[in-house]
There are 2 protein chains.
Amino acid sequence: MQLAAHPHQPDYSPRQNAVLDSALRLLVDGGEKALTTAGVARAANCSKESLYKWFGDRDGLLSAMIGYQASKVRTFEDNAEALTADTLREHLVLFARDLLEVLAGDVSLALNRLAIGQASREGSKLGSMLQERGRRQVGKRAGALLEAGRNAGLLAFDDRDEAYDTLYGLIVSDLHLRMLLGEDSGRMAKDFGRRAERAVSAFLRLYGREKGSVEP
Amino acid sequence: MQLAAHPHQPDYSPRQNAVLDSALRLLVDGGEKALTTAGVARAANCSKESLYKWFGDRDGLLSAMIGYQASKVRTFEDNAEALTADTLREHLVLFARDLLEVLAGDVSLALNRLAIGQASREGSKLGSMLQERGRRQVGKRAGALLEAGRNAGLLAFDDRDEAYDTLYGLIVSDLHLRMLLGEDSGRMAKDFGRRAERAVSAFLRLYGREKGSVEP
DNA sequence: CATTCACAGTACCGTACGGTACGGTTCGCT
DNA sequence: AGCGAACCGTACCGTACGGTACTGTGAATG
């Protein structure tokens, strides 16, 4: 959401990034159907010919949009200091809230809808791109957190991926899908804090080594 | 998947149901883009004019497809007999496996993709239809199961919906979304059994009243 | 047999979109 | 000044799709 600290264009020029921004905005508040080449060109004040020169074809544009957005939301590494039970919980709750807010973001929702829509066609790499750049990134942060918790003797698990899968499920459940299906995400955004607390509490009850947990 | 026991067409004639079947098949192995009115008419050996007479317009056809499919997968009520810790666990595992298999079904995936694709447009009721007919149905079965478990003194929870949300998250996590994004669902179908066991074990550790649980 | 109904098949229309081509303009370089 | 690259704006083309109208046909109904 924030950050434009260092210039990061491994792929495209600033001008092209601006075009991708316009395209993303168009996608967000119009859906895929609104994302026409002519529409993008008009919204970005560029010519269709340039679009095709830069991105090849429409699918190339879509891929570029995903790559661009992924490069923007690079998750910050929270370097775990000395972990206690409380700080671990704190970090986990923070992670959970961040995750929920990312998933509920309109750009994220729009891109996921787009990729899902393309998933039926064969060659579509969009799904795996989102998967790779999105979840894998977030998963790395969570994985590091879990690993640190285990090293500090606060968590107990054999398979880190399995533990992360559990954590993810506890946090998100089917909320993401419901939002993708159109359920008003703003209305439920208020509960993210509570939901994050709940999920982390449950996760710690499952994987935590402290016996004392918070109970009502 | 099975069952054609009693004739159940609250909505459409057999002929029309056959057309909807063709449309579903078309959707499954071609995606939304392949689902053209001409294509449906050709596949079902009917005329476009009849399609429009029966279903109004393309959106009507989509709605009818969802309603028709929902009427087919009506979940059976497993009337819970006297519950013990073991039978409860058994029922939960069975539920979890059924849930995973339904979600992994190609018709389910195709319809979810369709509804998600339409979710951006305003008037689209498809998302809520799927939500209502799909999850709510399944949720009723799970809810009854959870309630029975609580009444038998085997489960402890205050909010049934919250407990169900947790159960759902433990079972599914982001698997559904990954499949919607195109990850090969057949490859992971083999793990459904193990996954169901894991999820139910975790759920019982969270909400079960028996202190003795299975441990490795 | 005549009439009507439901439907298939097909031709048709308007439109919207992906992709291409071209004229005109700006800007940097020599 | 001259030149060329990049690029905008627009016009254009082919096609595909949603939706409508028309014709033919077979089966029921009187």
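Lettering of chains follows the sequences in order, A, B, ..., and the numbering in each one begins at 1.
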No-hydrogen, no-angle side-chain donor-acceptor test under 3.5 Å, A:R178 and A:S173: no
How is the base pairing of DNA chain C summarised as a dot-bracket string, given the Watson-Crick and G-U wobble criteria with both distances under 3.5 Å, [ ] for crossing and | for another strand? ||||||||||||||||||||||||||||||
Residue pairs fulfilling ring-ring contact (aromatic ring centres under 6.0 Å, His included) with at least one residue in residues 33-58 of chain B, sequence neighbours excluded: B:Y12-B:F55
Nearest whole angstrom, please: distance from the C1' of D:dC8 to the CD of A:Q16. 15 Å
Checking B:E132 now: which residues fulfil salt bridge (Lys or Arg N to Asp or Glu O under 4.0 Å) with it, not counting sequence neighbours? B:R136
Presence of salt bridge, B:R195 and A:D165, under 4.0 angstrom: yes
Considering non-hydrogen atoms only, spot the tightest contact between B:L180 and B:I116 and give its length. CD1-CD1, 4.0 Å
Counting only side-chain N and O atoms of B:W54, is one of them less than 4.0 Å from OP1 or OP2 of C:dC7? yes
Return the value, rounded to whole Å, for the distance between atom CG of A:L51 and atom C1' of C:dG18. 12 Å
Rounded interatomic separation in angstrom, taking OH from A:Y12 and C1' from D:dA6: 18 Å
Please give, in whole Å, the distance from C:dG18 C1' to A:R121 CZ? 13 Å
Would you find more than 12 non-hydrogen atoms of other residues, nucleotides or ligands less than 6.0 Å from B:R150 atom CZ? yes
Would B:R194 and B:E197 pass as an ion pair if we require N to O under 4.0 Å? no
Contacts of type ring-ring contact (aromatic ring centres under 6.0 Å, His included), residue B:Y207, not counting sequence neighbours: B:F203
Proximity to DNA chain D (any heavy atom under 4.0 Å), residues of residues 21-46 of chain A only: A:N45, A:C46
Is it true that A:E32 and A:R113 make a salt bridge, defined as a side-chain N closer than 4.0 Å to a carboxylate O? no
Starting at atom CZ of B:R15, determine the distance to atom P of C:dC7, rounded to an integer number of angstrom. 8 Å
Should A:D59 and A:K125 count as an ion pair when the cut-off is N to O under 4.0 Å? no
Close N or O pairs between protein and nucleotides 20-25 of chain D (under 3.5 Å):
from   : atom 1 : to    : atom 2 : distance (Å)
D:dC22 : N4     : B:E49 : OE1    : 2.3
D:dC22 : N4     : B:E49 : OE2    : 3.3

Whole angstrom is fine here: how far is it from CZ in B:F55 over to P in D:dG18? 15 Å
Would you say D:dT10 has OP1 or OP2 under 4.0 Å from some side-chain N or O of A:S47? no
Nearest to the side chain of B:R58 - C:dC7, D:dC8, D:dG19? D:dG19
Between B:K53 and B:E49, does any NZ, NE, NH1 or NH2 come within less than 4.0 Å of an OD or OE carboxylate oxygen? no
